[in-house]
Amino acid sequence: MVAVMQEEHIDNAREPIRARLAAWWEANARDLPWRFGRATPWGVLVSEVMSQQTQMSRVVPYWTDWMRAWPDAAALAKASTAEVITAWGRLGYPRRALRLQECARVVADRYGNVLPDDHDTLLSLPGIGDYTASAVSSFAFGRRVAVIDTNIRRVLSRVLLGVESRGGAATRFERDLANDVLPADVAKSVIWNQSVMELGAVVCTAKKPMCEICPISEQCAFLAAGLPGLGERRTRPRQRFQGTDRQVRGIILQALRRRHGADGASAGVPRAEIESLWADQGQLAACIASLDDDGLIDILPDGSLTLPR
Ligand code: SF4
């Protein structure tokens with residue numbers, strides 16, 4: 001019975017939702033520099049990789065500097081690893097930067113510096129998962145493909161099913177739903193993906209959805225049901241940042257970036273200087289080892305540390 005009611009709601013609501021979201025997108029989309037045809041497909045890909053785990057508004061200055069330094073895959077392929085890690089700055093999860101450079105090398109060498117435009121080839125590139133391949137296919141190449149990220153899952157689940165999307169890996173059901181409501185028209189499918197994602201980023205947020213200004217509040221089954229279980233998640237809450245290995249790794253990399261910026265990485269940062277950065281020496285040593293394993297630092301024979309050359 002519930003499933004039948006949901007189906008009925010989806011059938012009745014999909015057209016009004018599409019129309020309202022398209023109008024809302026037209027008037028409210030944030031003017032990010034990689035949108036509205038102003039960036040190359042490679043630039044769109046860079047924006048998507050940077051935006052994983054990082055808010056888009058925070059990404060803008062990094063993306064702008066990055067694209068100025070390395071406007072295409074061939075330019076990034078030639079950069080030194082130290083430059084790449086330095087430019088990644090505080091975007092977090094710096095292994096993404098190394099994977100992006102690996103991807104750039106493949107695009108430059110194997111595809112003549114032209115980002116492939118078909119989904120399967122995109123998926124075969126280093127560091128490109130299903131979400132990124134779908135986002136680039138839709139946003140850069142205008143293909144009809146359902147993009148499924150956390151924001152889109154949350155909005156679709158709330159509006160169409162009336163329940164909270166509770167995290168974890170996307171289920172088959174969520175994928176089917178996203179494909180089912182994707183407009184058949186190619187151009188409209190791109191606007192749909194962008195507008196649903198944008199609504200999830202700025203209005204229908206995880207903890208405090210702003211239903212009072214939401215363009216599709218009239219169609220929202222979650223609002224009608226009284227926002228049941230708002231903010232509940234299936235996955236564990238995020239670990240606090242303070243005291244984590246992520247924090248320690250960030251502190252070490254920041255010290256190496258500073259040195260790299262100051263003298264172009266001619267010398268390493270002495271081990272004693274690194275050891276003064278964090279009290280728990282066991283944790284510090286483990287973080288140095290993991291950064292080394294990840295290819296994010298080099299350990300010189302005298303024990304000092306540098307960004308990879
Ligand atoms: S009405 Fe509220 S819960 Fe529903 S989509 Fe809009 S912001 Fe989200």
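Treat the numbers as computed from the prediction; the structure is a model and nothing was measured. Nothing fancy with the numbering, it's 1 onward along the sequence. We count ligands from 1, going down the list as the structure has it; atoms in each ligand are counted the same way.
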Exercise for the section: List the closest protein heavy-atom neighbour of atom 4 (Fe) of ligand 1: residue, atom name, distance to the nearest 0.1 Å. Expected result: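 The closest one turns out to be Cys220 SG, 2.3 Å.
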Practice task
Please report which non-hydrogen protein atom sits nearest to atom 5 (S) of ligand 1, along with the residue it belongs to and the distance in Å to one decimal place.
Solution key: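 Of every protein heavy atom, Val159 CG2, 3.4 Å lies nearest to atom 5 (S) of ligand 1.
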Problem - N, O or S atom of Cys214 closer to atom 6 (Fe) of ligand 1 than 2.8 Å - result: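 A backbone or side-chain N, O or S atom of Cys214 is under 2.8 Å from atom 6 (Fe) of ligand 1.
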Which ligand 1 atoms are under 4.0 Å away from a heavy-atom of [X]?
| X | answer |
| --- | --- |
| Ser217 | 1 (S) |
| Pro209 | 7 (S) |
| Phe222 | 3 (S) |

Can any side-chain N or O of [X] pair as donor or acceptor with the backbone N or O of [Y] at less than 3.5 Å?
| X | Y | result |
| --- | --- | --- |
| Arg143 | Asp117 | yes |
| Ser195 | Trp25 | no |
| Thr40 | Gly43 | yes |

Exercise for the section: Answer yes or no for Cys211: is there an N/O/S atom below the 2.8 Å cut-off from atom 2 (Fe) of ligand 1? Expected result: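 An N, O or S atom of Cys211 is closer than 2.8 Å to atom 2 (Fe) of ligand 1, so yes.
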Problem - ligand 1 versus Cys204: contacting region, heavy-atom distance under 4.0 Å - result: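 The part of Cys204 near ligand 1 is both the backbone and the side chain.
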Handout entry: Pairing of Arg18 and Glu15 as salt bridge, 4.0 angstrom limit
Key =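 Judged by the 4.0 Å cut-off on N to carboxylate O distance, Arg18 and Glu15 do form a salt bridge.
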Handout entry: Charged N-O contact under 4.0 Å between Lys78 and Glu83
Key =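 The answer is no: the pair does not qualify as a salt bridge.
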Practice task
Search all heavy atoms of Arg249 against all heavy atoms of Cys287 and return the closest pair with its distance.
Solution key: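 Scanning both residues, the minimum pair turns out to be CG-CB, 3.9 Å.
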